[in-house]
Amino acid sequence: IFSIVVFGSIVNECYVNKDGQNTELLCIFNENESACSYGIAIGVIAFFGCIFFFVVDLYFQQISSVKDRKRAVLLDLGFSGFLSFLWFVSFCFLANQWQQTTMTNAFSQGADAARAAITFSFFSIIVWVSSA
């Protein structure tokens with residue numbers, strides 16, 4: 001759910017038109033396209049990873065081989081640890097870019113979405129570490 005909030009808020013409200021003259025949409029995080037792209041990418045990866053491991057958990061009892069069960073558990077552990085790190089990087093990167101952003105009227109429209117993305121990136125660190 002947190003990943004949906006992060007990439008959903010960035011996609012929906014973190015691209016704004018700085019002035020009415022130009023039709024180009026800019027990322028609200030210090031006009032750094034990499035910040036928005038990274039937040040979206042991590043959110044999508046986490047979402048699809050959750051779906052994959054949910055399906056693995058559903059069929060876990062039907063895995064007969066102990067080695068295959070061990071691989072599934074270790075893969076889940078590794079993925080959770082890796083995503084914990086990626087969410088930490090996401091939180092630090094988005095928070096840093098948000099601090100450097102100069103607020104204009106256009107950017108103030110998406111400020112709540114940017115804060116939500118940063119907040120839920122932080123919450124995701126806690127959730128993925130506890131999952132690992």
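Between Phe79 and Phe53, the two ring planes are tilted [angle within 30° to 60°].
Residue pairs meeting the side-chain hydrogen bond (donor to acceptor under 3.5 Å, both in side chains) criterion with at least one member in residues 48-69, sequence neighbours excluded, are Asp68-Arg71. Within the structure, salt bridge (charged side-chain N to carboxylate O under 4.0 Å, His left out) pairs that include any residue of residues 24-50 comprise Lys18-Glu31 (at least two apart or interchain). Within the structure, every pair that satisfies the salt bridge (charged side-chain N to carboxylate O under 4.0 Å, His left out) test and touches residues 113-132, not counting sequence neighbours, is listed here: Asp112-Arg115. Legend: disulfide (SG to SG under 2.5 Å) pairs involving residues 43-89, not counting sequence neighbours: none detected.
The CG atom of Asn17 sits 6.0 Å away from atom CG of Leu25, with the distance rounded to the nearest 0.5 Å.
Of all the heavy atoms in Phe93 and Ala35, the pair that sits closest is CE2-CA, 3.3 Å. Closest approach of Glu13 and Val16 over heavy atoms only: O-CG1, 3.8 Å. The two residues Ala113 and Ser9 have their closest heavy-atom pair at O-OG, 3.5 Å. In plain terms, the two heavy atoms of Leu94 and Ile10 that are nearest each other are CD1-CD1, 4.4 Å. The two atoms that bring Gly39 and Phe7 nearest to each other are O-CB, 4.3 Å, heavy atoms only. Nearest heavy-atom pair across Tyr15 and Ser37 is OH-N, 4.2 Å.
Annotation: side chain to side chain contact (heavy atoms under 4.5 Å, CB included) contacts of Ile1 (sequence neighbours excluded): none. Listed by chain and number, the residues in a side chain to side chain contact (heavy atoms under 4.5 Å, CB included) with Ser124 are Phe2, Trp87, Trp128 (sequence neighbours excluded). Checked against side chain to side chain contact (heavy atoms under 4.5 Å, CB included), Ala132 has the following partners two or more places apart in sequence or in another chain: Leu77, Ser80. Qualifying ring-ring contact (aromatic ring centres under 6.0 Å, His included) partners for Phe122, counting only residues two or more places apart in sequence or in other chains: Phe91. Checked against side chain to side chain contact (heavy atoms under 4.5 Å, CB included), Val11 has the following partners two or more places apart in sequence or in another chain: Ile40. Among residues two or more places apart in sequence or in another chain, the disulfide (SG to SG under 2.5 Å) test is passed with Cys36 by Cys27.
Taking hydrophobic clusters as Ile, Leu, Val, Met, Phe, Trp and Tyr residues chained together by side-chain heavy-atom distances below 4.5 Å, Leu58 does not share a cluster with Phe52. Under the 4.5 Å side-chain contact rule for hydrophobic residues, Ile4 and Ile51 share a cluster.
Residue Leu26 is found outside any hydrophobic cluster, as its side-chain heavy atoms come under 4.5 Å of no other Ile, Leu, Val, Met, Phe, Trp or Tyr. Grouped by direct or indirect side-chain proximity (heavy atoms under 4.5 Å, Ile/Leu/Val/Met/Phe/Trp/Tyr only), Phe60 sits with Ile63, Val73.
A donor-acceptor contact shorter than 3.5 Å links the side chain of Asn32 to the backbone of Ser34. Asn12 places a side-chain N or O within donor-acceptor distance of the main-chain N or O of Gly8, the cut-off being under 3.5 Å.
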Steps toward side chain to side chain contact (heavy atoms under 4.5 Å, CB included) verdict (Phe47, Ile42): CA-CA 8 Å; Phe47 178 72; Ile42 297 305; over 6 Å; no
Derivation and outcome, side chain to side chain contact (heavy atoms under 4.5 Å, CB included), residues Ile28 and Trp98: CA-CA 8 Å; Ile28 197 171; Trp98 183 245; 3.9 Å; yes
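Contact check for Phe85 versus Ile125: no side-chain heavy atoms found under the 4.5 Å cut-off.
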